Amino acid sequence: MKGKLSLRQRGGLIGTSGLLGLSLLVSACGTGSSAGAKSASRVNLILWQNLGNGSQAQVVPVLIKAFEKSHPNVTVTNVEQPRANYFALLQTAAVARSGPDLVNMWTGLFTMQYKSYLEPLSSYVPKTDLSRLSGLQWSNVGFKNTSDPYVIPLQQQFYIGFYNKALFRKAGISSAPQDWHQLFADCKLLKATGATCIEEGTQNLSGEFYPWYSLSYLMAGVFSPAQWEGLYNGSIKWTNPTVVAQLKEWHKLYADGYINSNALTATNVQSNFLTGKAAMIIKGNWDTSQFASTLGSNVAAFVPPFSTTPMHKVVEFAGNGFAMTSYSPHKQAAAEFLRFMTSSQAGSIVAHSGLIPAVRGIGPTNSLASQMVSMVNKGYTVYPMLDNVTAPGVVTAGSSVLPDMLVGGISPQSAAGKLESAWQQLPTSERGSSWSSYQVP
């Protein structure tokens, strides 16, 4: 999405031992897979990414090294671009038709927004390779088919909650809450022990509170995945009483003292969770390795229970990956890299970094990631990331008004009205009858 979404952080640290394991994995895999015709002449591919300094950024050079080992005639230059203006840089390069061959690209409406300078991949990556991947629909027009994606996913991502089991035991709580009633009851007990129940605040490189982790579960608590398309096309208004009621409950957590009082400005959110000052945190899954290594068996994943009934719903999404630019002069070599990303070797490298591979049959390597995957395997209803399937203008408005609403700066009704107003101001091409109608003017 535009604006603050383009600043979203998706990455935790792998750690020294993890990087060593990845290096050994590349060596052990040898020349690896990625079958099919290969470029005969020497080629240097340029890859742009804006992944910061976390797990995703750290795994990219390892993937490149493994690819180059099996493709000795191809080198890949990994260019780390600034997050704040990454997409502006991509657009400038596209206009000049002089830029990267491969780009890190987020999926959902993000891909649709920038697909004019991306190459559809069905002519370059065989169906047998594509069939090995999960989540391809989120970079296909309309989000229903998997036959012609623009992006090869790097990983499967979750928005999820984490809780400190030691703090729960201290408060006399034996398991994670499953609905609003249990959540408020547990927060009362946790607050009595001196712990912050839920830690909120800055969790991305923009230095701002990003509310879409929680909002995804607030909307999942009352609407089906299909109904989320109604939030996109306006058949369900953001001022709907059901939406406002959920926002009121979220604010009540803060008003009752169950969310840290400095949520709007807090920058030590993750630190407070890791040091046992906060019992729960809601975020993306990209820090699972750090959580597991720091808290060990005392940390577990849970679904934020923003529902009046037990919540068996989870936000899982192939959130980002690699795409080929339409103007690349080295499409065959770029396609070889994308084919490599569908291989079991690439999937294993991603898994050993602590991320969750999009390659089918390759499971995660840490217990927290396994807990998330098990929710899907148990039949939990799977939702996309709400900010990836909501029009950019609405995402930007939500990023601005929802943190203020949480801490009581504006009312839930007013916040909902601002979201609806942002939707009304969208060009008609960005609020059509379905996701497949989305077009950038």
Side-chain angles (χ1 to χ4, degrees), residues 8-12 14 18 22 49 51 54-60 62-63 104-108 110-111 121 125 129-140 143-144 146 149-162 212-213 216-217 220 225 282-292 301-304 313-323 338 340-389:
R8 178 173 56 202
Q9 181 179 7
R10 294 183 182 274
I14 297 175
L22 287 174
Q49 49 91 356
L51 296 170
S55 301
Q56 299 174 98
Q58 293 174 23
V59 79
V60 172
V62 187
L63 289 164
N104 173 60
M105 179 57 62
W106 291 330
T107 54
F110 225 117
T111 298
L121 298 177
V125 182
D129 292 351
L130 294 176
S131 68
R132 291 195 286 267
L133 297 173
S134 301
L136 286 178
Q137 70 271 27
W138 299 113
S139 69
N140 271 256
F143 305 153
K144 290 182 171 61
T146 61
Y150 285 88
V151 179
I152 297 297
L154 171 64
Q155 60 179 314
Q156 290 293 101
Q157 296 179 324
F158 287 77
Y159 288 169
I160 199 70
F162 298 94
W212 291 87
Y213 308 131
S216 292
Y217 280 99
I282 300 168
K283 64 186 312 297
N285 71 285
W286 32 90
D287 293 305
T288 54
S289 292
Q290 186 179 10
F291 285 5
F302 78 107
V303 170
K313 305 171 181 181
V314 67
V315 175
E316 181 207 30
F317 195 71
N320 74 312
F322 298 111
L338 296 176
F340 169 77
M341 288 300 302
T342 74
S343 70
S344 59
Q345 182 186 4
S348 295
I349 291 171
V350 171
H352 279 81
S353 76
L355 302 173
I356 301 172
V359 178
R360 300 180 191 275
I362 308 293
T365 58
N366 71 66
S367 60
L368 283 175
S370 296
Q371 289 170 28
M372 294 173 230
V373 172
S374 72
M375 295 175 186
V376 177
N377 294 338
K378 288 177 182 177
Y380 281 36
T381 303
V382 175
Y383 287 73
M385 294 172 173
L386 183 58
D387 46 332
N388 282 60
V389 295

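None of the values given here were measured: they were computed from a predicted structure. When a residue number appears, it is its place in the shown sequence, counting from 1.
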*Which distance, rounded to the nearest 0.5 Å, do you find between the CD of Gln155 and the CH2 of Trp286?*
8.0 Å

*Under 3.5 Å: donor-acceptor pair, side chain of Arg132, backbone of Ser343*: no

_For Asp129 versus Val125, what's the shortest heavy-atom pair and its separation?_
CB-CG1, 3.7 Å

*Student check: side-chain heavy atoms of Ile160 and Met375 closer than 4.5 Å*: yes

*Would you confirm whether Asp287, through its side chain, and Gln290, through its main-chain N or O, come within 3.5 Å as a donor-acceptor pair?*
no

_Set of residues satisfying side-chain hydrogen bond (donor to acceptor under 3.5 Å, both in side chains) with respect to Gln137, sequence neighbours excluded_ = none

*Minimal non-hydrogen separation, Val315 against Pro384, with atom names*: CG1-O, 3.4 Å

*What is the distance from atom CZ of Arg360 to atom OG of Ser344, rounded to the nearest 0.5 Å?*
15.0 Å

*Gap between atom CG of Leu51 and atom CG of Asn320 - 0.5 Å precision*: 6.0 Å

_Closest heavy-atom pair and its distance - Pro153, Leu133_ = CD-CD1, 4.0 Å

*Do Thr365 side-chain atoms and Ala351 backbone N/O form a donor-acceptor pair below 3.5 Å?*
yes

*asked:* Among residues at least two apart in sequence or on other chains, which ones pass ring pair (Phe, Tyr, Trp, His ring centres under 6.0 Å) with Tyr217?
replied: none

*Relative to the ring of Phe317, is the ring of Trp138 parallel (under 30°), tilted (30 to 60°) or perpendicular (over 60°)?*
tilted

*Are Gln156 and Glu316 side-chain neighbours, meaning at least one heavy-atom pair lies under 4.5 Å?*
yes

*Check the pair Trp212, Asn388 against side-chain contact (heavy atoms from CB on, under 4.5 Å), reporting the backbone distance first and the verdict last.*
CA-CA 10 Å; Trp212 291 87; Asn388 282 60; over 6 Å; no

*Report the distance from atom CG of Leu121 to atom CG of Leu136, rounding to the nearest 0.5 Å.*
9.0 Å

_With Phe302 via ring pair (Phe, Tyr, Trp, His ring centres under 6.0 Å) - residues at least two apart_ = Tyr163

_So Val314 and Val376, do their side chains get closer than 4.5 Å, heavy atoms only?_
yes

_Which heavy atom of Ala369 sits nearest to which heavy atom of Pro364, and what is that distance?_
CB-CB, 3.4 Å

*asked:* Give me the atom names and distance for the closest heavy-atom approach of Ser289 to Asn366.
replied: OG-ND2, 3.8 Å

*For Ala318, does its backbone N or O pair with a side-chain atom of Thr107 as donor and acceptor, under 3.5 Å?*
yes

_Closest heavy-atom pair and its distance - Thr381, Pro225_ = CG2-CG, 3.8 Å

*Keeping the roles fixed (side chain from Gln371, backbone from Ala301), state whether a donor-acceptor pair exists under 3.5 Å.*
yes

*So how far is it from Ser370 OG to Ile356 CD1, rounded to the nearest 0.5 Å?*
8.0 Å

*Considering only heavy atoms from C-beta outward, does the side chain of Leu130 approach that of Pro149 to under 4.5 Å?*
yes

*Apply the side-chain contact (heavy atoms from CB on, under 4.5 Å) test between Lys283 and each candidate in Phe158, Tyr159, Phe291; give the one that qualifies.*
Phe291

_Sub-4.5 Å side-chain heavy-atom contact between Met341 and Phe322_ = yes

_Quick check against the 3.5 Å criterion: does Thr111 have a side-chain atom that pairs as donor or acceptor with the backbone of Trp106?_
yes

_Using 0.5 Å steps for rounding, measure from the CD1 atom of Ile362 to the NE2 atom of His352._
10.0 Å

